[in-house]
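Right, one structure below, let's go through it.
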Amino acid sequence: NILLKKRITELQTEISLAGNLSTENAELKDIMSRTPVNSTAVLSGILGKPNTTPYDTLIIDRGSVHGIAPDMQVFVGGDVLVGEIDSVEEKTSRVLLYSAPGNILQVVYGNSGRFFNARGEGNGTFEVEVARDIDVKIGDKFFYPGLETTLIGVVKKVDFDARDSFKRVLMKSPINIQEERWVEVRI
C-alpha cells in the first residue's frame, strides 16, 4: 500500500510536468512561427526583469557562447521589438529596453513614412512629439524603420493644447515584459 501511494505521487508529478511541458511547447512553437523566415533568432529565457534588475533592463540566459553580441536586437513574440543587447557575458546577457527613461529611438508613424524620435519613459512607455497638424489617434501604431513591419508601440494618449505647435503622444509597447518568459535575439 505504501509503495502504491508513492507511485501515485510520482505519476501525479509526471502528469503535472507533462502539462507544463505541453503548454511551453505550444508557446515556443507560436513564438518561432512569428519569427521572419530570413532571420536567425536565438531563443532565450528571461532570468531577471525590471522588478529585480536595474530599471528597464533584462538578464537573459544566452551569451557569447551562443553567438550573442552587443547591439543585437531583442524581440518578444516574434514581431515586437523591445530592446537591444547592452552587455554580454559567457552565458548571460543584459538587454536594455528601448523604453528605458531618456533613451531615444527613431520610429515611423503608421504608414505615413514620417520619422519621429520616441523618448523612453520607463515601463514600456514612450513619448513622441508630433506637429499639431498630424492627426494621431489612440490605437495608432509606431514602427521601427526598415523593410520588416516591426512594432514598437501603440498610441494610448494624445495631449494637445491649441496654443502649442506640437502634440504630446504617449505610446506603450503592446507587450507587458513582466508577463513574458522568452525573448528572441536576432543575429
Q: Mark yes or no: R132 above the aromatic ring of F160, with NZ or CZ under 6.0 Å from the six-membered ring centre and no more than 45 degrees from the axis.
A: no
(Q) Tell me the closest heavy-atom pair linking G67 and I187, and the distance in Å. (A) O-CD1, 3.9 Å
Q: Output, in order, the C-alpha distance, side-chain angles, deciding distance and verdict of side chain to side chain contact (heavy atoms under 4.5 Å, CB included) for T92 and R62.
A: CA-CA 5 Å; T92 61; R62 295 289 182 259; over 6 Å; no
**Q.** Derivation of the side chain to side chain contact (heavy atoms under 4.5 Å, CB included) call for L97 and L58
**A.** CA-CA 8 Å; L97 299 177; L58 303 174; 4.0 Å; yes
Q: Check the surroundings of atom CG in L3: do more than 12 heavy atoms from other residues, nucleotides or ligands lie under 6.0 Å from it?
A: no
Q | Transitive ILVMFWY side-chain link V42 to V88, under 4.5 Å | A | yes
**Q.** S112 side-chain N/O to V108 backbone N/O, donor-acceptor pair under 3.5 Å
**A.** no
Q | Minimum heavy-atom distance G77-E184, with the two atoms named | A | N-OE2, 3.5 Å
Q) Do N51 and Q178 have side-chain heavy atoms sitting under 4.5 Å apart? A) yes
Q. Can I59 be reached from V82 by stepping across I, L, V, M, F, W or Y side chains whose heavy atoms are under 4.5 Å apart?
A. no
Q) Y98 vs Y144 aromatic rings, parallel, tilted or perpendicular, using cut-offs 30° and 60°? A) parallel
Q | Result of checking L43, I60, V95 against V185 for side-chain contact (heavy atoms from CB on, under 4.5 Å) | A | I60
Q: Report yes if some heavy atom in the side chain of D86 is under 4.5 Å from a heavy atom in the side chain of T57; otherwise report no.
A: no
Q. In terms of hydrophobic clustering (I, L, V, M, F, W, Y; side-chain heavy atoms under 4.5 Å; direct or indirect links), are V80 and I46 co-clustered?
A. yes
Q) Taking side chain as C-beta onward, heavy atoms only, is K137 less than 4.5 Å from V155? A) no
Q: Look at the side chain of K167 and the backbone N and O of I134, then say whether any donor-acceptor pair between them is shorter than 3.5 Å.
A: yes
Q) According to a 4.5 Å side-chain heavy-atom criterion applied to Ile, Leu, Val, Met, Phe, Trp and Tyr, with indirect links allowed, do F142 and L170 form part of one hydrophobic cluster? A) no
(Q) Whether E89 and K91 form a salt bridge (side-chain N of Lys/Arg under 4.0 Å from carboxylate O of Asp/Glu) is what I want to check. (A) no
Q: Give the C-alpha distance, both sets of side-chain angles, the deciding distance and a yes or no for side chain to side chain contact (heavy atoms under 4.5 Å, CB included) between S44 and D61.
A: CA-CA 6 Å; S44 178; D61 68 353; 2.9 Å; yes
Q.
If you count heavy atoms of other groups shown closer than 6.0 angstrom to CG of D133, is the number above 12?
A. yes
Q: Give the minimum heavy-atom separation between F126 and E121, together with the two atoms involved.
A: C-CG, 4.1 Å
Q.
Tell me if a side-chain donor or acceptor on K172 pairs with a main-chain N or O of N123 at a distance below 3.5 Å.
A. yes
**Q.** pair V154-S173: side-chain heavy atoms closer than 4.5 Å
**A.** no
Q.
I'd like to know if the side chain of D159 reaches the main chain of R168, judged simply by a donor and an acceptor atom lying under 3.5 Å from each other, with no hydrogens or angles considered.
A. no
Q | Least distance between heavy atoms, S93 atom then G63 atom | A | OG-CA, 3.6 Å
Q.
Let me check something: do I68 and L81 share a hydrophobic cluster, defined by ILVMFWY side-chain heavy atoms less than 4.5 Å apart, either directly or through other members?
A. no
